[in-house]
Structures are given as structure tokens and as C-alpha cells.
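Read through the structure below, which is laid out as C-alpha cells, and then see the notes.
To find a chain, count down the sequence lines: A is the first, B the second, and so on, and within it residues start at 1.
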2 protein chains.
Amino acid sequence: MASSKPEIAFIGLGAMGFGMATHLVNQGYKVTGFDVWGPTLERFVAAGGLAATTPAEAVRGKDYCVCMVATAQQAQAVLWDGEHAAVPALPRGAAVLLCSTVPCSYVQSLEQQLLDGREGRPDLLLVDAPVSGGAYRAADGTLSIMAGATDAAIEKTRFLLQEMSDPAKLYIVAGGIGAGSNMKMVHQVLAANQILSTSEALGFAAHLGLDLKKAADAVIASQGKSWMFEHRSPRSLDPNFQPIASAVTIILKDTGIITAEARRAGFPTPMTSAAEQVYFTGVGRGYGADDDSSLVRLYWEGKGKVGPVAGTATTDEEKLALVVALLKGIHLCSAGECIAFASRLGLDLDQVFELCINAAGGSAMLEAVGPEMISLVKNAGGAAAGTQAGDNLEKVVSELQGAVDEAQRLKAPIFLGSQALNLTRLALAHRPTTTPAATSGAVVKVWGS
Amino acid sequence: MASSKPEIAFIGLGAMGFGMATHLVNQGYKVTGFDVWGPTLERFVAAGGLAATTPAEAVRGKDYCVCMVATAQQAQAVLWDGEHAAVPALPRGAAVLLCSTVPCSYVQSLEQQLLDGREGRPDLLLVDAPVSGGAYRAADGTLSIMAGATDAAIEKTRFLLQEMSDPAKLYIVAGGIGAGSNMKMVHQVLAANQILSTSEALGFAAHLGLDLKKAADAVIASQGKSWMFEHRSPRSLDPNFQPIASAVTIILKDTGIITAEARRAGFPTPMTSAAEQVYFTGVGRGYGADDDSSLVRLYWEGKGKVGPVAGTATTDEEKLALVVALLKGIHLCSAGECIAFASRLGLDLDQVFELCINAAGGSAMLEAVGPEMISLVKNAGGAAAGTQAGDNLEKVVSELQGAVDEAQRLKAPIFLGSQALNLTRLALAHRPTTTPAATSGAVVKVWGS
């Protein structure tokens, strides 16, 4: 049976790549793996894979090459640079799936290199196919995949994309090479902000004196809920922040892609930029290799050390409402930054929404206000055409302001929450005075059109 | 000679108050001081003052009372609360000069308490008279003073305001009680951002590998110059951040007044809010009592600990240009936030400008772009009427972006610089496309009108 399936080369057997490659082995493919880290290769052989000692050796004679290294620099090194690079060794007409999270600008430059008349390989079929879902779903073959390429390249590789993804979570992204990476990037706007909002909310809850486990359970049952909060908060509350599921340096890398690509496009990213500075601070404190949920330390370390402070919220119910208001405000603004950036990049906003609510970027706020935001950016001149399911913007602002007021009384830093409040204020300041009271999705207009 | 001068009660003999009260003694006034800290009172007696054991005792029979405690809470305690409070003990028609930095809302509530029919003291003349200039100028009688009050109260106390201020730096602020505090508050927008921008710029210079003393000298000779940079940078570069001239908690208190009053007015303060979160972080790290210049630690602590990084600037000249671009961008936006907030509060913008460039909030950028910003907010609908001395906004943004790009490569946090870049981007996004290329002062429009 296995013999009827094509041979696959797989470069990069890290936490994600190892799971993906091993899943393909389990599905009956003959997979030849390469990784710079020897013990990983041995483990891959024990799982039924074949090992190569160079990228060139891995791909020789293979019609399919999946590249799942960590960064664009690594991708360039294994695909192009030096005598053992993969590209020159690939047979004519082979397909290259770049599944790493890289900047759109990198994968587009890779396409140009391939198309180059003298040095290139215009016969190869490149697919820009970043993934999302974590190591468990990688090994399970149920990732979200967002793939951009020519029709021919998609056609040739569809079976392989399907093997690695959940049937409902394979997104073919219009726009060719770069569009897949852009889709991943706007999803990571949500991820970058919502990983950190989990730490910020639990740090704030600590300053408020709440029982953190109970607070986390209450958040998950509220409109402050996010996929990231559900997945990160248990590790934030573990004394050792275990298990290490995703390191601070990983989300920092993705955050850097967002802000650098946004600067290249002249697009403002006030939420993600604020998050990035906190990530830099965490890495500078020596937390880079720790689980990203451990950044709660940056938020709660000052508790009891900032002099005499007194908040005004007295009951657990009041305090919890402040934590939820903080998260709602942040998630409203991360949704706005995601959708406005996706619009600027020309992505299909309905596809962005569907992908994000079903992936790690999901949040209750995105579900509630996303459709209104999309309607607003599609009809830049007018009011939202769809239903206005969100709260009145003034109400969200007022509740968020209550949280920011209390954090100030407690001298608790809330980088994202105070940023979100200022952004909603800027949105209100730029709203035409003739418009009726805005629903909360209207904040999306602050990013411009 | 002394007998011809009125007796003065002086409450609050801290770093500022001691200098002010002692200066009055040296000018021949009979000054009765009160402070909760006994040794300070003894020192005041040694300097020729008289000591009282309660606020009430200090003011009894005195026609003038200067209050220079640290906070609104302390002012309320010494003036109103308890059996030894000052207000009930003051003779009819006496004047109270509140020189502490307090929220406008507090000094206005104090005015209301005085005017209250049954419990009040409507006969007293209140002056809202915050000061600026530091302990040296306090002792020298050359402070900046911004005084708001009724004409009668100003008339009665003018001689005393003149004794404590530089002749060119006594500002009578139109608008009565609260206007003086508002003037001080908008000045502190500059102070809060520029104290921190000094640390941020020197931290960035450290990540760039510059000689910090040479870098500081070069900044002072550049358009990145500010009064705060000149005064803070020597202490930032001292291994022990000495002398302690102004503690982190002091600027954090003023920062909190700005952001809280802005929230009360529904006004966005993205620059000052970002600074406040860093101040909270510094206090949480245990730096609250240290000199505010010591916050450079939060910026340079990661140098050498963030993994392998490489910038693109190679010469000292290129690196210095990035540091200057960072400061110019931050100071452009702190100027915008100051002037936009002053406009919202109804202050005389020409007076704001004159006060700020001659006080601790001064910067080369404010001098260059302030007049254009003022013209723009006065003529909200149209273009700037005055000369457009500032750089093209796109140029400032482009240079600032170079600094933010490099900081990202070095994984160096630049909270204010990245905020400033995003604000300028938001300003460009909201600029009518029909407008010709904006000069840099146009960023002021992002705060709304």
C-alpha cells in the first residue's frame, strides 16, 4: 500500500516538524528527514522514517519536499545556500512546501529566486503553506493550514496538504505566494496579543487579590474568553510554568514578523508593538526559553512591593468584572488590528474570520464583533451593513476604563489594557460627530482605511 | 525691615518646600513652618524659621499660608481634616497658596469646600499655584509658577508669588482655580515622557554598543535634545545613579494625575500611558525610591542576554543618528500630546508653549514644531497658518522607523519610540488624501479635536 504513495523529503524535525513528518510516516508515506540535530534524526528513524545527512541528500529523487524549519534564515540556508542545499538537488517539476512561519517578503523573494532565469529553478512548484495548531495537532494530522500558490502547485500538493490538516481547516488563500504567510501573520496578531493578555489579566487578578484558579475559570465562562487564555492560563498558574509548550522566543519571532512587515507597509500596529516591547523585556530578563505563559511574572512581580495601595473593588464579583473588562477591551482591539491589517493586505476577510475563530487566535470578542468590523472596513465610507451585535462602544470603553482606573490605584502595569483604552478613545475622537452611537466594532476605523 | 513684611505660614518642608520657605526667611519674612518630620523642622529653625507643632498652630494669625505637601491627600489632611487642620484656624480674609502638584479636580473640590455655606470659609482667598524647577531653583526663589485664582486672590498674593519665582517665569493662568494645576499637568506630559525617553535613548545606545558619555554629549548637541536629557543623562551614567534628585515615585505620581484626569475628560494619552506602564514596572522592580534616571536599567539589562543579535548600523555616526531619530520621534509625540491636551482643557496655548520651552519640559522638537501644532489645533479645519519650520512628517517617520527597525534587530525594548512611530502612522492614515505632504507638527491631529 505504501508503495503507491509518493516519497516525501522533510526538512526540519523540531516540535512541529517531527509530529508532521511522523504523521506522514504513519499514513504510509516513505519520508526522508533531515535535521541539524542528530538525536532528533535518530528518534525519527526509530519512528519509521529515513534519515539524510544533508538537505540535498534528503530531497534527491523526491517529488515533494516539506520545509518546516524555524525561521526564514534557516529556510534560506537549507534550500539555497552552500553545496548541500536542497533546491539544486530536487528533480524537475518537484514541489516545495514551505510550512515555516516566515515574512511574506521572504517567501516572495524565494519565488523570485526560483524564477530567476540563470540561477533559478522555474520548473519547481512552490507552495507558501504556514500552519497553526501546535505540536499535538501536527502529530495528529489536524493542523490549520493556509496555503497560497499557483493553481498548478496547489493541485499537485493538495493531497499532502490534506494529509497534514483537519478537513475543515485547510484554507487555500487567494493571492499566490505570500498570501499564505500574510494569512498566518494576521492570525498571529491575535496570538501575540492574546498570549500576553493572558499574563496581563492574571497579573492584574493577582494585584486585585483574587484566587487565580477561580478567576481563570470565571474568565473562561465569560466574554473575556480566548483560545489562548484557555490554553495558557493553566501553565501560568503552575509554579514552574510547565509544561513548556511554546517558548517566549517563538511568539517573539512571529511578533517581529508582524511589526516589521507592517512597518514595510506603513501600517500602524499599536497593539502588537506594545506586546513586542513586553516580549523584549521578558527575553531581556532571561525568560526567552521559558513557556510564554511565564510572562505573568512581569505583571505580578510588583504585588506587595509598590508601597501602600488600595483599590476600590471590594467583592470578588466586582474584581472579576474588572479582569473580564480588561480582556474584552484588549481582545476588541486585537481583533481590530487583525482585521484592519488583513484588509490592508487585501486578504479575503470572511476567510480570515473563519480561520481565526477556529484557530488559536479565537476569542469571544472576535466572534461577537468580527462580522461588524468586516462590514465596516468593506464599506469604508458608511456605517456597518450587517447586524450590530457588539456592545455600544462607549460601554466597552467605560468598563475598560474602570479596569485601567483600578490598575492605576494598585500600581499594576497593564500595557495592553491601557493601550486598548487609548485606541478606543482615539476611535471615538475621530468618529464623525453626526454618526449615531457607535457599536464596539467601530474601533476598527482607528487603523485607517 | 523684616517687620514691614507680613508673616507667612508654610506647611510642608520637603525638598521643594524647605527651599521655598528658607528663601522667604532669607528675604526677611517671618515664616512659621510645619512638617510631620521633626528633624526637618529643627533644620528649619536653624535656618532662621519658626516651628509649629500642628498646621493650625502654624497658620493662627497669619494672613498668608503656603501649602507645599506632596499630594492631594496630604493637602486635604493638613488643610481640612481633624482638630488641628489649618483652614478653620486661619484669620478672616487670609490667602491659601496651594503649590503642590495636584489634580485640577482636587483643587476645584477644595474651592467648593471653601465656598460651602455652612462648613466652608468663603472669606479665604485660594490660589492654585503649582511650581516647577527643582529644589535648587526653589531655594533660589527662581521657580516657574503657574497661578490660577480670582483677580482678588492674585492681587493679594502677587508679591509672594513674585518672591518665589523668576521674574520671567511667573505665569498668571486664565481660568481661575484649576487652571494652574491644568497648566502644570500639561507641562508634566512633557516631563513624564522626556524623563523616560532619556533612559530609553541611553538603553538603546547601550544595545547599539555606543560609548554612552560620547553619545550623551552628541544628543545634547542635536535636535534630540531635551531639558530632561541634559539633566538626567549624567545621573543615568553614574554607576549608582547619584545624586537622587527626583525619585521614580514622584514622576509616577504626576504621570498618574495626567492619565487619570485625561480619562475623566475622555482624552487619549497614548504616550503618557505607555510611560506610566514602564514606571509601574520600575516601581514593581523595587526602584521606586531611586532617582528616576535609574530606569535606564529596565532598558539595558537585556544587552548580551537576548541571544545572538546583529544590527545593521556599523559606524558610530550611523548609530548616533538612530538614537537622535528615536528621541526626535518621541519628543514630537510628547509635544503633540501636551498641546492637544492643553487645547482640550481650554488653556492659552501660546502661554503653554512659552512656559514649556523655558521649563523642564523643553526640547528642541517642541521649539521647532510647537508653533505649527498650535496653529493647527487653533484652526482645526484647515492647514497650519504659521511658518512650517518642522521637517516633513514622512521624513521624521522614516528616520524613526530606522531606529525602531534596528531596536527590533537588537531585541531592545523601546516602549516610547515604537508608540511614537505608531502614532505618526495613525496620523498619516487619518490625513485627508487631498492635503499636501504634512509637516511633522501635523501629528497633533491624531489626538482629535
Side-chain angles (χ1 to χ4, degrees), chain A residues 249 252 256 259-260 262-264 266-271 273-274 276-286 288 298-303 305-307 397 401 404-405 407-419 421-431 445-449, chain B residues 249 252 256 259-260 262-263 266-271 273-274 276-286 288-289 298-303 305-307 397 401 404-405 407-419 421-431 445-449:
Chain A
T249 49
L252 176 56
T259 59
R263 286 197 300 273
R264 209 167 62 92
F267 184 80
T269 54
M271 292 300 298
S273 294
E276 187 176 24
Q277 308 312 312
V278 182
Y279 288 130
F280 284 144
T281 301
V283 171
R285 293 288 293 281
L298 296 175
Y299 287 97
W300 71 29
E301 66 182 357
K303 181 172 158 56
K305 293 188 283 179
V306 293
V397 172
Q401 181 155 324
V404 176
D405 284 339
Q408 184 177 54
R409 290 180 200 108
L410 300 174
K411 295 191 171 67
I414 48 167
F415 290 94
L416 298 180
S418 77
Q419 187 78 323
L421 179 60
N422 280 309
L423 283 171
T424 54
R425 284 284 178 214
L426 287 171
L428 288 169
H430 286 278
R431 192 167 53 93
K445 292 193 169 180
V446 85
W447 281 268
S449 53
Chain B
T249 49
L252 176 56
T259 60
R263 287 197 299 274
F267 184 80
T269 53
M271 291 300 299
S273 293
E276 186 176 25
Q277 307 312 312
V278 182
Y279 288 129
F280 284 146
T281 301
V283 171
R285 293 288 292 282
L298 297 176
Y299 287 97
W300 71 30
E301 66 184 353
K303 181 173 159 54
K305 292 188 284 180
V306 294
V397 171
Q401 181 155 323
V404 175
D405 284 339
Q408 184 178 54
R409 291 182 200 107
L410 301 174
K411 294 191 171 66
I414 47 166
F415 290 94
L416 298 180
S418 76
Q419 186 78 325
L421 179 61
N422 280 309
L423 283 170
T424 54
R425 285 282 178 216
L426 288 171
L428 288 170
H430 286 278
R431 192 167 53 93
K445 290 192 170 180
V446 85
W447 281 268
S449 53

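- Within the 4.5 angstrom heavy-atom criterion, only side-chain atoms of A/Leu252, from C-beta onward, approach chain B.
- Counting heavy-atom pairs under 4.5 Å between each of A/Lys303, A/Glu301, A/Arg263, A/Gln401 and chain B puts A/Arg263 at the top.
- Note: A/Val404 leads A/Thr249, A/Leu423, A/Thr424, A/Val404 in heavy-atom pairs under 4.5 Å with chain B.
- The contact between A/Gln419 and chain B is made entirely by side chain atoms (from C-beta outward), counting heavy-atom distances below 4.5 Å.
- Of the atoms belonging to A/Arg264, it is backbone heavy atoms, and not side-chain ones, that fall under 4.5 Å from chain B.
- A/Phe415 is linked by a ring-ring contact (aromatic ring centres under 6.0 Å, His included) to B/Phe415, counting only residues two or more places apart in sequence or in another chain.
- Looking at A/Ala262, there are no atoms closer than 4.5 Å to chain B (heavy atoms on both sides), in backbone or side chain.
- Considering all non-hydrogen atoms of both residues, B/Leu426 and A/Pro268 come closest at CD2-CG, 3.5 Å.
- Using a 3.5 Å distance cut-off with no hydrogens or angles, the side chains of A/Gln408 and B/Thr259 do pair a donor with an acceptor.
- Here the straight-line distance linking atom CG of B/Leu428 with atom CZ of A/Phe267 works out to 13.0 Å at 0.5 Å rounding.
- Chosen from B/Gly288, B/Ala407, B/Gly266, the residue pairing most often with chain A at heavy-atom distances under 4.5 Å is B/Gly266.
- Both the backbone and the side chain of B/Val278 come within less than 4.5 Å of a heavy atom in chain A.
- Smallest separation of non-hydrogen atoms from B/Ala412 and A/Gln277: O-OE1, 4.2 Å.
- Residue with the most contacts toward chain B among A/Lys411, A/Lys305, A/Glu276: A/Lys411 (heavy-atom pairs, distance under 4.5 Å).
- Here the CG atom belonging to A/Leu298 is positioned 6.0 Å from the CZ atom belonging to A/Arg285, to the nearest 0.5 angstrom.
- Counting heavy atoms from C-beta on, the side chains of B/Phe280 and A/Ile414 never come closer than 4.5 Å.
- At a 4.5 Å heavy-atom cutoff, A/Val397 makes no contact with chain B through either its backbone or its side chain.
- Ranked by non-hydrogen atom pairs under 4.5 Å with chain B, the options A/Ala260, A/Gly286, A/Pro270 are led by A/Pro270.
- Comparing A/Leu421, A/Thr281, A/Val446 by how many heavy-atom pairs each has under 4.5 Å with chain B, the most go to A/Val446.
- Contact between B/Leu416 and B/Ala274 at its shortest, heavy atoms only, is CD2-CB, 4.2 Å.
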